[in-house]
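Excluded from the calculations below are hydrogen atoms, water molecules and symmetry mates; all remaining heavy atoms, backbone and side chain alike, are included. Residue numbers run from 1 in the order of the sequence given.
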Amino acid sequence: SLMLAKAKEEWDQEQIDKQAEKERYLSERVTPLHTSGLSLSQLQDLCRELHAKVEIVDEERYDIEAKCNHNTREIKDLKLKVLDLRGKFKRPPLRRVRVSADAMLRALLGSKHKVSMDLRANLKSVKKEDTEKERPVEVGDWRKNVEAMSGMEGRKKMFDAAKSPTGQ
């Protein structure tokens with residue numbers, strides 16, 4: 001309420017300042033008319049002069065109004081062209097949505113979705129101790145291993161090696 005009262009005071013002061021500025025401007029531009037002691041023909045001439053000045057001002061006002069309307073129409077047309085160039089519809093700002101893979105597939109495929117995309121459930125759980133025991137530490141000449149595994153013979157050895165532990 002205090003802000004509203006302050007705003008009203010400022011608005012009132014602004015109106016008073018505008019009125020004072022208007023009166024000052026009119027006193028500079030418009031000279032007061034002295035019609036006392038003039039004959040009928042002099043009054044008619046004065047009226048004709050004032051009428052001619054009013055017509056000139058009215059023509060200028062009409063021209064300025066026509067230019068303003070033309071500019072307003074041109075601005076409106078340019079805005080429409082800009083909207084046409086951008087596209088027909090206003091693009092909404094995109095928001096980040098958190099959706100699981102299952103929910104996304106369900107939304108895309110509808111009722112056909114039967115595969116579960118829970119990737120964490122499909123992972124094997126491996127204990128750290130087991131991996132260290134299983135991995136034998138072999139230090140050897142790597143060049144012999146590359147030469148032994150090169151070509152088709154190496155592939156056959158790999159295949160046989162993979163087969164033999166499960167066959168026993």
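In this structure, CH2 in Trp11 is found 7.0 Å from NZ in Lys8, a value given to the nearest 0.5 Å. Summarising the geometry, atom CG belonging to Asp63 is positioned 8.0 Å from atom CD belonging to Glu60; distances are rounded to the nearest 0.5 Å. Note that CG of Leu40 is 10.0 Å distant from CG of Asp45, once rounded to the nearest 0.5 Å. Distance check, rounded to the nearest 0.5 Å: CG of Asp58 to NE2 of His51 gives 10.0 Å. The CG atom of Leu78 lies 12.5 Å from the NZ atom of Lys76; values are rounded to the nearest 0.5 Å. Atom CD1 of Ile16 is separated from atom NZ of Lys18 by 12.5 Å, given to the nearest 0.5 angstrom.
Applying the side-chain contact (heavy atoms from CB on, under 4.5 Å) rule to His70 yields the partners Arg73, Glu74; only residues at least two apart in sequence or on another chain are considered. The side-chain contact (heavy atoms from CB on, under 4.5 Å) test applied to Leu26 returns Lys22, Val30, not counting sequence neighbours.
Ionic pairing of Asp84 and Lys81 is not present here: no N-O contact between side-chain nitrogen and carboxylate oxygen is shorter than 4.0 angstrom. Contact check on Arg24 versus Glu28 returns a salt bridge, with a Lys/Arg side-chain nitrogen under 4.0 Å from an Asp/Glu carboxylate oxygen.
Screening residues 35-44 for salt bridge (charged side-chain N to carboxylate O under 4.0 Å, His left out), with sequence neighbours left out, gives no hits.
Contact annotation: the side chain of Asp17 never approaches that of Glu21 to less than 4.5 Å [non-hydrogen atoms, C-beta and beyond].
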